[in-house]
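Whatever order the structure lists them in is the order used to number ligands and atoms, beginning at 1. This one's a predicted model, so the numbers in the text were calculated from it and none came from an experiment.
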Amino acid sequence: MAQHAPLDQDTVERLLGSLEGWTREGDTIRRVYQAEDFPGAIHLVNVVAVLAEQARHHPDIDIRWRTLTFTLSTHDAGGRVTMADVRLAEQINEAIATQPAAR
Ligand SMILES: C[C@H](O)[C@H](O)[C@H]1CNC2=NC(N)=NC(=O)C2=N1
C-alpha cells in the first residue's frame with residue numbers, strides 16, 4: 001500500500017517543514033507537547049487515542065507529568081516513516097490546537 005511505503009529522509013524533512021513542532025529523530029518523527037497540567041495531558045492522550053483507533057495507526061506516547069512525547073513510525077515499513085505517520089501527526093497537531101494554552 002502506497003501509504004505504507006517508507007519515505008526517504010529528504011522527503012521527511014520537507015514534509016516536516018509544514019508540521020509544526022515535529023522533528024525527525026532517526027527513523028521516526030517526534031513532537032513534545034507540554035500541557036497545562038497532568039489532567040490536561042491525559043485528556044489529550046484520550047483525544048489522540050480516538051484518532052489513532054480511527055486511523056488504525058498508533059503513536060508511541062511517553063507521559064511525564066504534563067509533558068507528552070509523541071513518536072511515530074510505521075511497523076509495517078520496518079519502523080520507518082510513511083505518509084500514515086505524517087497524516088497522524090497532522091491530526092495530533094489539530095488535537096493540540098484545541099487544547100487550552102499551556103501556561
Ligand atoms: C493491523 C493494524 O492496522 C496494524 O497492525 C497497525 C496498527 N497500528 C500501527 N501503528 C503504527 N504506528 N504503525 C503500524 O504499522 C501500525 N499498524
Side-chain heavy atoms of Trp65 within contact of Thr67, under 4.5 Å |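 Result no, sub-4.5 Å side-chain heavy-atom pair not found.
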Please state which protein non-hydrogen atom is closest to [atom] and give its distance, to 0.1 Å?
atom                    : value
atom 10 (N) of ligand 1 : His58 N, 3.0 Å
atom 16 (C) of ligand 1 : His75 ND1, 3.6 Å
atom 6 (C) of ligand 1  : Arg56 O, 3.6 Å

Do the charged groups of Asp62 and Arg64 touch, with an N to O distance under 4.0 Å?
->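 Yes, this pair counts.
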For atom 2 (C) of ligand 1, is the nearest protein heavy atom closer than 4.0 Å?
->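 No, no protein heavy atom sits under 4.0 Å from atom 2 (C) of ligand 1.
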Ligand 1 versus Pro59, non-hydrogen atoms closer than 4.0 Å: side chain, backbone, both, neither?
->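 Pro59 to ligand 1: no contact under 4.0 Å from either part.
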Would you tell me whether Thr82 and Thr74 have side-chain atoms, one donor and one acceptor, within less than 3.5 Å of each other?
->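 Note: Thr82 and Thr74 side chains meet the donor-acceptor criterion.
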Test item: side-chain donor near acceptor, Asn93 and Trp22, under 3.5 Å |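 Yes, because at least one side-chain N or O of Asn93 sits under 3.5 Å from a partner of the opposite role on Trp22.
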Which ligand 1 atoms, with their elements, are less than 4.0 angstrom from a heavy-atom of Asp76?
->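 The list of qualifying atoms is 15 (O).
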Give the atoms of ligand 1, by number and element, whose distance to some non-hydrogen atom of Ser73 is under 4.0 Å.
->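 With Ser73 as reference, the close atoms of ligand 1 come out as 11 (C), 12 (N), 13 (N).
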Please determine if Asp85 has a nitrogen or oxygen closer than 3.5 Å to a nitrogen or oxygen of ligand 1.
->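 No, since none of the N or O atoms of Asp85 sits under 3.5 Å from an N or O of ligand 1.
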With only distance considered, is Thr74 within less than 3.5 Å of ligand 1 through an N or O on each side?
->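 No.
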Contact check, Ala77 vs ligand 1, heavy-atom distance below 4.0 Å |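 No, Ala77 has no heavy atom closer than 4.0 Å to ligand 1.
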Should we say atom CD of Glu13 is surrounded by more than 12 heavy atoms from elsewhere, each under 6.0 Å from it?
->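 Correct, the count exceeds 12.
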So, the side chain of Asp85 versus the backbone of Ser73: is there a donor-acceptor pair under 3.5 Å, distance only?
->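 Checking the backbone N and O of Ser73 against the side chain of Asp85, a donor-acceptor pair under 3.5 Å is found.
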Under 3.5 Å donor-acceptor, Arg66 side chain and Ala35 backbone =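 Yes; at least one donor-acceptor contact below 3.5 Å.
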